[in-house]
There are 2 protein chains.
Amino acid sequence: MRTETKAYAAQSADTPLAPWNLQRREPKPHDVEIEILFCGVCHSDLHTARGEWAGTVYPCVPGHEIVGRVTRVGDNVKKYKAGDLAAVGCMVDSCRECDNCKDGLEQYCKEGMVGTYNGKQRDGSGNTYGGYSNKIVVHEDFVLRIFDKLPLEGVAPLLCAGITTYSPLKHWKVGKGDKVGVVGLGGLGHMGVKLAVSFGAEVTMLSHSANKEADAKRLGAHKFVLTSDEQQVKSLNNYFDFILDTVSATHDYNLYLNMLNTNGKMICVGAPPDPIQTPAFNLIFQRRSIAGSLIGGIPETQEMLDYCAEHNIVSDVEVINIKDINEAYERMIKGDVRYRFVIDMATL
Amino acid sequence: MRTETKAYAAQSADTPLAPWNLQRREPKPHDVEIEILFCGVCHSDLHTARGEWAGTVYPCVPGHEIVGRVTRVGDNVKKYKAGDLAAVGCMVDSCRECDNCKDGLEQYCKEGMVGTYNGKQRDGSGNTYGGYSNKIVVHEDFVLRIFDKLPLEGVAPLLCAGITTYSPLKHWKVGKGDKVGVVGLGGLGHMGVKLAVSFGAEVTMLSHSANKEADAKRLGAHKFVLTSDEQQVKSLNNYFDFILDTVSATHDYNLYLNMLNTNGKMICVGAPPDPIQTPAFNLIFQRRSIAGSLIGGIPETQEMLDYCAEHNIVSDVEVINIKDINEAYERMIKGDVRYRFVIDMATL
């Protein structure tokens, strides 16, 4: 028996998202069934729905910033019961046996994690469908605990935008005394600012939009530097210990690399269509690094959710009706959102 | 009073190196005067002599892998006396006051280190002239101690090729249990193999020359992989913890980045004319890093020389007569040297 589930799907790369019904599996012994209350809207949703990255399987139901309430659980589920709040992020499964899975780094699973949408179920049962739907069934090991302390619509984007910025800041031990630059004030960037500030770092927002200065300061940034202003850029030569680069449009990495102090690290969480380019000398002369980072593992995602609950950190969101999702995509492309759209699933 | 010094110099970018006389300063209170016995021949010498990097001042006397014997010292010199063996590497001065200088990272001096050749003396006395000469006068703080335990001609290249590979291996804590790939078997690469092996790592030589396999193994490499062999390359997918990339010709960084395991680091010590290029996804998917590293500071260079003396590590060299330096440059371009030319300065 399967559960009829309402959803919004793209039927092809060039058709808008529209209502579509799908079947969720009956909860297996370790499964948790969740009624979805809110789902954040991530740039990856748009890239995947529109086939801008290779490999989209249609129909495609995006959404991997999912918060909701448990409706049913399988017989062996110990961690959740009906009525609990629960969340699902970017993954719903992994091999669980490789070194990375054993280390709680399921996002780097050697067999590949199973994405919450457009992923391939490991049991051969087909493609995964994401959070633009009213229900989801997920193995308890990939379900996260959340609390009613914070507004749920603001919690939803923590599942991707939050962990994507939290994980590298933690991995590279960003904290008190560190000078951190955050490139780009969008869904990821605004979380990067909030989290880096909360860790005690001195945070500078690096943006090409002068009109974002007030917002950057409101979010907690200590400084704002307009990247089109040569004088300001020059003043940051060899300045930062870390730069968190959240931009996924093509941009000049050297502008930022030059701002790294000795041993400075630039961490890329956005993936532009064009490659990173830099002369080796730009790394050699101050022992600089460029690194990448992908979301976070399940234990770290839970740690982040607990941390955010404790420190009252949520995403700044604009709640939308699911029928407006296509318009939201257009506004997202223009950067016209402060700072994350979240779908109120009651509108489905 | 100044000391007449015999040397070999390039008078312009397109003239071969030829005999030239220069004046060395009289030792000041903290200066050490050294009679040069051997000087290694580094690729940088050729790039600078031929004006292939911006900023060569002519006449140019290259050479920054210098070993010799102290002839005179200034009145305040405590560390050296006439008759001692001594060495000079890539730097002869720095500001000594910035955070990096105070931390013994003079190579990253915020005002710029003073190169042993083609550097600008901080006291305004002009350009620096390197080790293709029979004498050099250097402040004692930039003189290194060496021992008569090892053949001096094999010690000379440690001053650049040795420290350039030792420093990143130490900085990134390469040791027992680590899988290390070394790209390129030349002056730097052969030292990288010897040092990484001595630190207890499992070392794989990555080379496009099949005929280097026997040599790589002789130097201590545990494995040899031909980078033109797709099957062999594929078998190294996600394999290494560290890759030390010593190549300064244009090459494909992604070939090697794909070989890095989760959290793997690729360290570039060669600077090709074309920029490093890689899609951000190649870093993001396994939290990989690319970093650069420049020689080493004075304390670390001394540590490396002591370490090499203790562990009987020297460079494999071909000793040449200084009149053959131009031919040596041509052979170096073709990779026809195993693995470092060293000038016997008695031939000057």
Side-chain angles (χ1 to χ4, degrees), chain A residues 53-54 98-101 103 105 107-113 164 167-168 171-172 237-238 245-248 250-254 257 260-297, chain B residues 53-54 98-101 103 105 107-113 164 167-168 171-172 237-238 245-248 250-254 257 260-297:
Chain A
W53 292 337
C98 71
D99 289 347
N100 285 339
C101 285
D103 288 347
L105 296 170
Q107 76 273 36
Y108 302 122
C109 172
K110 287 306 165 66
E111 300 192 4
M113 66 176 194
T164 297
S167 181
H171 180 71
W172 278 281
N237 202 24
N238 292 331
D245 184 345
T246 71
V247 175
S248 46
T250 297
H251 59 291
D252 176 12
Y253 285 83
N254 295 297
L257 284 170
L260 285 177
N261 201 355
T262 314
N263 298 320
K265 291 163 188 75
M266 174 151 172
I267 303 147
C268 304
V269 292
D274 295 311
I276 296 171
Q277 287 200 33
T278 180
F281 271 136
N282 241 359
L283 301 178
I284 289 172
F285 275 127
Q286 293 295 334
R287 195 159 60 192
R288 296 167 175 145
S289 305
I290 317 181
S293 180
L294 179 68
I295 52 171
Chain B
W53 292 337
C98 71
D99 289 347
N100 285 338
C101 285
D103 288 348
L105 297 170
Q107 77 273 35
Y108 303 122
C109 172
K110 288 304 166 68
E111 299 191 4
M113 65 177 195
T164 297
S167 181
H171 179 71
W172 279 281
N237 200 24
N238 291 332
D245 183 346
T246 71
V247 175
S248 48
T250 297
H251 59 292
D252 176 12
Y253 285 84
N254 295 298
L257 284 171
L260 285 178
N261 201 354
T262 313
N263 297 321
K265 291 164 188 72
M266 174 151 173
I267 302 148
C268 304
V269 292
D274 295 310
I276 296 170
Q277 287 200 33
T278 181
F281 272 134
N282 241 359
L283 302 177
I284 289 173
F285 276 127
Q286 293 295 334
R287 198 158 59 191
R288 296 166 174 145
S289 305
I290 316 179
S293 180
L294 179 69
I295 53 171

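Here is how names work: the chains are called A, B, and so on, in the same order as the sequence lines, proteins then strands, and each is numbered from 1.
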Winner by heavy-atom pair count (cut-off under 4.5 Å) against chain B, out of A:Leu294, A:Ile267, A:Asn263:
A:Leu294
Taking atom CG of A:Asp252 as the centre, report whether more than 12 heavy atoms of other residues, nucleotides or ligands fall under 6.0 Å from it.
yes
Working to the nearest 0.5 Å, report the span between CZ of A:Phe285 and CE of B:Met113.
7.0 Å
Quick one: do the A:Asn261 and B:Lys110 side chains pair a donor with an acceptor below 3.5 Å?
yes
Do B:Pro168 and A:Arg287 come within less than 4.5 Å of each other through their side chains, counting heavy atoms only?
no
Enter the distance from B:Thr262:OG1 to A:Asn100:CG here, rounded to the nearest 0.5 Å.
3.5 Å
Should we say atom CG of A:Asp103 is surrounded by more than 12 heavy atoms from elsewhere, each under 6.0 Å from it?
yes
Can you confirm whether B:Ser289 sits close enough to A:Lys265 that some side-chain heavy atom of one is under 4.5 Å from a side-chain heavy atom of the other?
no
Counting heavy-atom pairs under 4.5 angstrom with chain B, the leader among A:His171, A:Met266, A:Gln107 is A:His171
Side-chain atoms of residues 268-284 of chain A: list all donor-acceptor pairs with protein atoms under 3.5 Å, sequence neighbours left out, distances to 0.1 Å.
| unit_1 | atom_1 | unit_2 | atom_2 | d |
| --- | --- | --- | --- | --- |
| A:Asp274 | OD2 | A:Thr250 | OG1 | 2.7 |
| A:Thr278 | OG1 | A:Asn254 | OD1 | 2.6 |
| A:Asn282 | ND2 | A:Asn254 | OD1 | 2.9 |

Contact class of A:Leu105 relative to chain B, heavy atoms under 4.5 angstrom
side chain
